[in-house]
Structures are given as structure tokens and as C-alpha cells.
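Step one of this worksheet: look at the structure below.
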Amino acid sequence: MAADSLVFEGLLDFEIASIGRTCQTWYKIFGEIKPGVRPLIALHGGPGVNSAYLEILTDVTNGRPGPLIVYDQVGTARSTHLPEKMGDTDFWSVQLFVDELNNLLTKLEIKEYDLLGHSWGGMLAASHAVQGPPGLKHLILSSSPASIPLWIESQHILRATLPQDIQDTMIKHELEGTVQSKEYQAANAVFYSRHLCVLDQMPGPIAEGFACIGQDPTVYMTMYGLPQRKDRKDFNITGSLKDWSIIDQIEKIQVPTLVTNGAQDEATDATVAPYVEKLPHGKWVKFESSGTEQNSSHMCHFEEREEFMKTVAAFLYH
């Protein structure tokens, strides 16, 4: 394990019994793990991007006893890749990633911790939290849907607000199954500029995450997949997460929970509403002013960096 100014990184063995193989999870610690001090563990989205875009959360932990811990989930970036498992929906399960998180907690000997999940990472964090882990003390679900059917419905509504020519291009390619074409990607970039990141220039760490999917699309393509349509009104995705929902288990989350999203977020109010309504100890904060002509979207921690970090710190430490 290498160390530089209290920044540590390393690899943890992660044994996956279903394939009889020991894989590795790459992790990075900003600060120092100490007994009696809670780290903030951040779970990245995708699935299939890397953790670099969550390192900005050191804004929250700097100057406080607990460190920030990020890691690349198995199949992604600096952790073990398993391209031979492309399309294996039994293998790429939510529980696989819950097991990986539990392995990290065990190997790093973490007894108590706070957990932040962004987008897919929030789905993973919630799936962990409903199992009642005794060491979890605070949960943050950042721009994360309570169900993928709600997410898909919101995507459909948001797409209807795009310029008509952009809508027509996207629908055409989704019907024809040609969504990897340059024309479709250009149209999708317009959607992203409104609902994924409204900053004039996409921050490098976010772009790096998308590049990770391009370099190895195994996890993303298996779990999320591609957008598709049977007709102009029937919009869906092809991946195994298309029916995922945690709505009927939300009441099992007994720790204080902060739910956040942006005013223009693709994780719309409707996608987080079940959390807001059902969490026993929940708080909802919506970020609505990014300093640009548009409100914050899916990357509030960049778009409204100061306000986001202040909100998270107040939730965790006061």
C-alpha cells in the first residue's frame, strides 16, 4: 500500500465463490482510518464508471477526523475486469456489489462508517442499508432513484422537453437499434447537457468515468444496457436492472438518511419521492441554483459544490 501525505491506495482481495476466483478491489483513502472515527465511504455510479469523480468529497472530510474512502467496483477501472462475463445477468447482481462493500469493510477493519452513494451507487448503498448493517451510522442517497421503472418514466418525460429534432433523432435510433451511432450520441449529449451536468465544460473526472465504460462496457451493458423502443411510446432499457426497485423495503433503513437531487436532475423528484415519503429518519434537499442559466442536474457535487458539501457536512457532523 502506497502512502503520500495521508493519501493511501491499495488492492483488496475479493473472493467470488460463484466463479471460484479471487478478484481485487482498488481503493483509495484520503486521511487515516483510526479506531472510534467514522470514515465516509463513497460509492460511484454507472454501473461501470470509476470513483475519481467522488474524490471531490474530500471537501467534506478535510479537517475532520474521519477519512474519505473511495473504490472502483469490480469490473471497473483499476479493479479486476471480467469481460468474459458480458451478458451474465446472474453473475452481475446487486448482491455481488453489496458483498464487495462488505468485504471492504471487513478487510479494512471498519466498525462504524457513513455511506454516500451517487446514482447507481445510491441504489447499491440503499441495498446495503436495508440489510441492517450495525456499523452504518448515516446514509446519503445522492441523485439516486428508488426504482428503475420510475427512472425510465422520468427519462421519458424529460426527453419530451427536448427540441423536436433531437427527440425525433433519439426515437428513430432507439426504434432501429442503432443507439451507438454518432448521430444518436450527439442527440444524447444534448440531453446530458441539460440533465446530467449543466456546467459549460464537463469536469475531467466525470469524463474519465464515461471513458471507463468505453474501455470496458461489461458491467454497464449487462446491468443497464441500451435504450430501446418497441414503438414511439414504449421506452425502456435492456439491462438486468430494468425492473429493480427498493420501494417496498425502504422502511428497513433505520439510520438517518439524506436524500439529494438537482432541479434539472435526471433523478427527478418523482424518482426519489418514495425515499422522501417512506424513510423513517429521512431528510430531502433539492439543489436549485448552480450559478448558470440552468439549475443543478445529476452532478450537484460539482454544479453546486460549495452548497452541496456544506449540506453533507452539516448532516454528518452536526
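Along the sequence shown, residues are numbered consecutively beginning with 1.
- Both L54 and M309 are assigned to one and the same hydrophobic cluster, defined by single-linkage of ILVMFWY side chains at heavy-atom distances under 4.5 Å.
- Note: S142 OG to M299 CE = 9.0 Å, rounded to the nearest 0.5 Å.
- The line from CD1 of I29 to CD1 of I110 is 7.0 Å long, rounded to the nearest 0.5 Å.
- The closest donor-acceptor contact from the side chain of S144 to the backbone of L141 lies at 3.5 Å or more, if one exists at all.
- Side chain of T257 to backbone of V255: a donor-acceptor contact under 3.5 angstrom is found.
- The side-chain contact (heavy atoms from CB on, under 4.5 Å) test with L316 is passed by exactly one of T311, T61, D114: D114.
- Checked for salt-bridge contact, E84 and R21 meet the test: a charged N lies under 4.0 Å from a carboxylate O.
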| query | Would D168 and R232 satisfy salt bridge (charged side-chain N to carboxylate O under 4.0 Å, His left out), going step by step from the backbone distance to the final call? | reply | CA-CA 10 Å; D168 291 343; R232 292 183 68 88; 3.6 Å; yes
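- Between E306 and K310 there is no salt bridge, since no side-chain nitrogen of the basic residue lies less than 4.0 Å from a carboxylate oxygen of the acidic one.
- With T25 as reference, E100 is the one residue of R78, Q73, E100 to meet the side-chain hydrogen bond (donor to acceptor under 3.5 Å, both in side chains) rule.
- No side-chain heavy atom of E9 sits less than 4.5 Å from a side-chain heavy atom of Y27.
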| query | Could you go step by step and tell me if S51 and D72 meet the side-chain hydrogen bond (donor to acceptor under 3.5 Å, both in side chains) rule? | reply | CA-CA 5 Å; S51 59; D72 294 342; 2.7 Å; yes
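- Between E303 and L199 there is a side-chain heavy-atom pair separated by less than 4.5 Å.
- Looking only at side-chain heavy atoms (C-beta outward), H138 and Y317 stay at 4.5 Å or farther from each other.
- Proximity of I140 to V312: side-chain heavy atoms (C-beta onward) are separated by under 4.5 Å at one or more points.
- Here the side chain of Q24 pairs no donor or acceptor atom with the backbone of T80 at under 3.5 angstrom.
- At least one side-chain heavy atom of P203 sits less than 4.5 Å from a side-chain heavy atom of F302.
- With contacts defined as side-chain heavy-atom distances shorter than 4.5 Å, the pair L12/Y71 does not qualify.
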| message | Run the salt bridge (charged side-chain N to carboxylate O under 4.0 Å, His left out) test on K230 and E174 for me, step by step, so that the C-alpha distance in whole Å, both residues' side-chain angles and the decisive distance to 0.1 Å come before the verdict. | response | CA-CA 9 Å; K230 294 179 181 177; E174 286 161 1; over 6 Å; no
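- The shortest distance between side-chain heavy atoms of N50 and V70 does not fall below 4.5 Å.
- When hydrophobic side chains of Ile, Leu, Val, Met, Phe, Trp and Tyr are connected at separations under 4.5 Å, I157 ends up as a singleton with no cluster partners.
- In summary, the side chains of N236 and Q228 do not present any donor paired with an acceptor at a separation below 3.5 Å, with no hydrogens or angles considered.
- The two residues I166 and A187 make their nearest non-hydrogen contact at CG2-O, 3.7 Å.
- Under 3.5 Å, the side chains of Q185 and Q180 contain no donor-acceptor pair of N or O atoms.
- With T178 contributing its side chain and S181 its backbone, the two residues share no donor-acceptor pair below 3.5 Å.
- Looking at residues two or more places apart in sequence or on another chain, you find no ring-ring contact (aromatic ring centres under 6.0 Å, His included) involving Y184.
- Within 6.0 Å of CD in Q254 there are more than 12 heavy atoms belonging to other residues, nucleotides or ligands.
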| said: Let's go through M86 and T222 carefully: what are the C-alpha distance in whole Å and the side-chain angles of both, what is the deciding distance for side-chain contact (heavy atoms from CB on, under 4.5 Å) to 0.1 Å, and is it a yes or a no? | reply: CA-CA 6 Å; M86 173 70 84; T222 304; 3.9 Å; yes
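- Listed by chain and residue number, Y192 satisfy the ring-ring contact (aromatic ring centres under 6.0 Å, His included) test with F210 (two or more places apart in sequence, or in another chain).
- A single hydrophobic cluster is not seen to contain both I171 and I152; linkage of ILVMFWY side chains at heavy-atom distances under 4.5 Å, directly or through other members, places them apart.
- Between H81 and G75, the closest heavy-atom pair is ND1-O, 3.6 Å.
- No side-chain N or O of S296 forms a donor-acceptor pair with one of E288 less than 3.5 Å apart.
- Not one N or O on the side chain of S297 forms a donor-acceptor pair closer than 3.5 Å with the backbone of D265.
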List the atom pairs, with distances to 0.1 Å, where a side-chain N or O of residues 275-285 and a protein N or O form a donor-acceptor pair under 3.5 Å, not counting sequence neighbours.
{"from": "W284", "atom 1": "NE1", "to": "N261", "atom 2": "OD1", "distance (Å)": "3.0"}

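- Although no hydrogens or angles enter the test, the distance criterion places no donor-acceptor pair under 3.5 Å between the side chain of R194 and the main chain of V190.
- Side-chain atoms of S154 and T268 include a donor-acceptor pair closer than 3.5 Å.
- Across all non-hydrogen atoms, the minimal contact from I213 to P47 is CD1-O, 4.5 Å.
- The two atoms that bring G45 and S119 nearest to each other are CA-CB, 4.4 Å, heavy atoms only.
- Scored by the side-chain hydrogen bond (donor to acceptor under 3.5 Å, both in side chains) test, K107 finds N103 as partners (sequence neighbours excluded).
- Here CG of L101 is found 9.5 Å from OG1 of T106. Values are rounded to the nearest 0.5 Å.
- Listed by first and then second residue, the ring-ring contact (aromatic ring centres under 6.0 Å, His included) pairs that reach into residues 221-253 are Y220-Y224, sequence neighbours excluded.
- Residue-environment remark: CD (Q201) stays at or below the threshold of 12 foreign heavy atoms within 6.0 Å.
- Note: I246 CD1 to I148 CD1 = 11.5 Å, rounded to the nearest 0.5 Å.
- Considering only residues two or more places apart in sequence or on other chains, F191 meets the ring-ring contact (aromatic ring centres under 6.0 Å, His included) condition with H195.
- Shown here are the ring-ring contact (aromatic ring centres under 6.0 Å, His included) partners of F14, two or more places apart in sequence or in another chain: there are none.
- Of all heavy-atom pairs spanning P274 and L150, the tightest one is CG-CD1, 3.7 Å.
- Among residue pairs with one or both ends in residues 41-67, those qualifying as ring-ring contact (aromatic ring centres under 6.0 Å, His included) are Y53-H118, Y53-H301; sequence neighbours excluded.
- The side-chain hydrogen bond (donor to acceptor under 3.5 Å, both in side chains) pairs that include a residue from residues 127-137 are Q95-Q131, N102-H128, Y113-H128, where partners are two or more places apart or lie in different chains.
- Side chain of W92 to backbone of G87: no donor-acceptor contact under 3.5 angstrom is found.
- The ring-ring contact (aromatic ring centres under 6.0 Å, His included) analysis of residues 150-178, with sequence neighbours excluded, yields the pairs W151-H298.
- Rounded to the nearest 0.5 Å, atoms CZ (F308) and CZ (F287) are 5.5 Å apart.
- Summarising the geometry of D234 relative to D231, their closest heavy-atom pair is N-OD1, 2.8 Å, with the distance given to 0.1 Å.
- Note that CG of L57 and CG of L40 are 6.5 Å apart. Values are rounded to the nearest 0.5 Å.
- The salt bridge (charged side-chain N to carboxylate O under 4.0 Å, His left out) test applied to E55 returns K28, not counting sequence neighbours.
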